[in-house]
Amino acid sequence: MSVQDIQEEIISEFSFFGDWMEKYEYIIDLGKNLPIIDVQYKDEDHLIKGCQSQVWLQAELKGDEVQFTADSDAIITKGIIALLIRVLSGQSPKDIAEADLYFIDQIGLREHLSPTRSNGLLSMVKQMKIYGLALQQVKS
Amino acid sequence: MLNPSIISGKIDFDRIRADFPLLQREMNGKPLVFLDSAASSQKPRQVLDALQHYYTHLNANVHRGVYKLSQEATDAFESGRRAAARFINAGSEREVIFVRGTSEGINLVASSFGRKFFKPGAEILITGMEHHSNIVPWQLACEQTGAVLKVVPVTDSGEIEIDVFENMLSDRTALVAAVHVSNALGTVNPVEEMIRLAHARAIPVLIDGAQAVPHMRVDVQALDADFYVFSAHKMLGPTGFGILYGKEKWLEQMPPYQGGGEMIKTVTFEKTTYNELPFKFEAGTPDISGAIGLEAAINYMEKIGLDNIQAREHELLQYGLDQLSGIDGIRFYGAAKQKASVISFLLDGVHPFDLGTLLDKMGIAVRTGHHCTQPLMARFGIPGTVRASLALYNSTEDLDQLAAGVIRAGNMLR
């Protein structure tokens with residue numbers, strides 16, 4: 001599925017939630033079920049420091065696709081990471097570098113990717129795109 | 001449960017709440033429960049009106065014009081200085097320096113006093129519960145002068161031990177810089193005793209009073225503080241304005257902090273002479289409205305009475321602790337015997353960021369994180385806490401909402 005198709009799928013899923021509680025219960029569930037990052041990558045090199053919560057991100061090129069794994073010490077941050085990984089993991093480096101992640105806005109989570117939130121998520125998205133750019137060059 | 005409309009003494013605090021227009025707002029569709037006053041307090045209509053009045057009727061630069069409007073603006077501005085001097089019982093208005101806030105006040109002393117008095121090997125003694133604002137300026141001064149920073153350790157209850165403090169004072173100690181009330185824990189430090197012990201060795205003391213002045217009567221002469229610093233915006237006044245109180249004997253000896261207009265007497269390209277106190281430390285056009293807003297805030301607090309405010313907040317603090325303490329897995333940080341208006345806590349197995357995010361969805365504004373006290377959080381081995389901080393306009397209902405919100409969020413997260 002393309003970056004856009006997955007985003008549309010998520011937007012459609014979120015449209016069924018009646019209120020913020022259902023939405024956050026879902027995000028918390030996603031956070032709890034996010035596959036745990038390999039412990040060897042949970043180090044300083046893979047750490048994205050936020051003021052409020054911390055994020056670890058690891059990327060790997062498998063064939064033409066980039067596989068991301070990630071973790072956070074905060075469960076809501078982890079849930080949003082799960083969504084970002086669902087959209088970007090398994091995509092080509094080029095599609096990752098060029099991705100317009102409009103779904104975050106559409107499902108009402110923009111506040112979590114604002115620079116003032118400092119939970120590491122905005123830096124994480126930037127880092128994912130940098131991986132996309134860098135891995136494009138590896139390929140070519 | 002207590003009667004939800006506690007009335008301390010003769011003051012009707014429900015009516016006081018109505019003076020704060022912002023508290024009528026809704027947040028995420030819920031009535032706002034504002035429990036982050038330690039970060040910045042809300043402002044009563046009286047302060048907002050004073051600011052509006054200044055810009056509508058008095059706006060002109062101060063200490064400059066011969067014209068009447070400038071004179072009126074100067075009078076209103078200097079009236080703010082008199083109010084600030086009265087508020088903390090300063091010996092003279094010459095000892096009241098207008099600054100941008102507590103951080104700038106501390107930076108001023110660290111830079112100016114440090115340049116004059118810190119020698120290589122001299123020690124600056126702080127406590128382990130300082131805000132970054134009362135750590136970093138001293139580290140900068142240490143780098144520049146060769147002085148070294150010493151830290152009085154914090155106990156498990158979030159206090160310092162006075163005999164440990166006393167033992168750390170030495171012939172090398174050039175200055176003590178300590179927080180009056182901890183922003184992260186609410187601990188009220190025994191600053192009067194600390195100052196007495198330091199003065200017994202002729203060591204001057206700076207007190208960071210940012211979290212004290214909104215909540216209790218402060219008398220800098222009774223404390224005998226050499227420097228006392230605070231911000232207007234944490235005590236119902238406007239942002240970007242604060243006070244550095246300093247004893248005249250120190251301020252006279254200290255070199256200027258910044259150069260510019262206002263702080264000079266005469267300027268030639270060969271030699272500049274400096275203005276007298278307090279203007280020597282006030283380069284450039286000051287925040288005129290800040291002084292006027294601060295006076296309105298002081299008048300407001302004095303009308304209610306600092307003792308009444310303190311008693312009211314103590315009741316609220318106790319009420320809040322009672323409501324929260326029954327919650328499964330809650331841990332409080334800061335169990336000092338003397339404590340003011342801050343409840344810092346964690347829920348077992350819950351990240352403070354997650355708890356704060358869900359409370360926000362319920363319209364409850366608390367602070368989460370390290371509260372600009374990373375060394376203190378490291379001492380407790382935690383990434384941060386959830387902090388509910390109180391002001392005179394809070395109610396028992398606010399604390400009921402907080403307790404209910406924490407339970408609800410805890411159920412979602414665990």
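These numbers were taken from a predicted model, which means no experiment stands behind them. So that the names make sense, note that chain A is the first sequence line, chain B the second, and so on, each numbered from 1.
- Between A:Met21 and B:Met412 the shortest heavy-atom distance is O-CE, 3.6 Å.
- By the 6.0 Å contact criterion, CZ on B:Arg379 is enclosed, its count of non-hydrogen atoms from other residues, nucleotides or ligands being greater than 12.
- Once rounded to the nearest 0.5 Å, the distance linking OG1 of B:Thr357 with CD1 of A:Ile27 reads 10.0 Å.
- Under the rule for a salt bridge (Lys or Arg N to Asp or Glu O under 4.0 Å), the partners of B:Lys361 that lie at least two apart in sequence or sit in another chain are A:Glu111.
- Applying the 6.0 Å contact sphere to CZ of B:Arg414 captures more than 12 heavy atoms from other residues, nucleotides or ligands.
- At a heavy-atom cut-off of under 4.5 Å, chain B is reached by A:Asp73, A:Ala74, A:Ile75, A:Ile76 from residues 65-76 of chain A, listed in order of number.
- Annotation: A:Lys23, atom NZ; neighbour count of heavy atoms from other residues, nucleotides and ligands within 6.0 Å is above 12.
- Neither the backbone nor the side chain of B:Arg367 comes within contact range of chain A; no heavy atoms are under 4.5 Å apart.
- Neither the backbone nor the side chain of B:Leu355 comes within contact range of chain A; no heavy atoms are under 4.5 Å apart.
- Among residues two or more places apart in sequence or in another chain, the salt bridge (Lys or Arg N to Asp or Glu O under 4.0 Å) test is passed with A:Glu8 by none.
- Near-neighbour residues of residues 24-37 of chain B relative to chain A, defined by a heavy atom under 4.5 Å from a heavy atom of that chain, comprise B:Lys30.
- In this structure, CG on B:Asp354 lies 10.5 Å from OH on A:Tyr24, to the nearest 0.5 angstrom.
- Environment of CG in A:Asp5: crowded, with over 12 heavy atoms of neighbouring residues, nucleotides or ligands closer than 6.0 Å.
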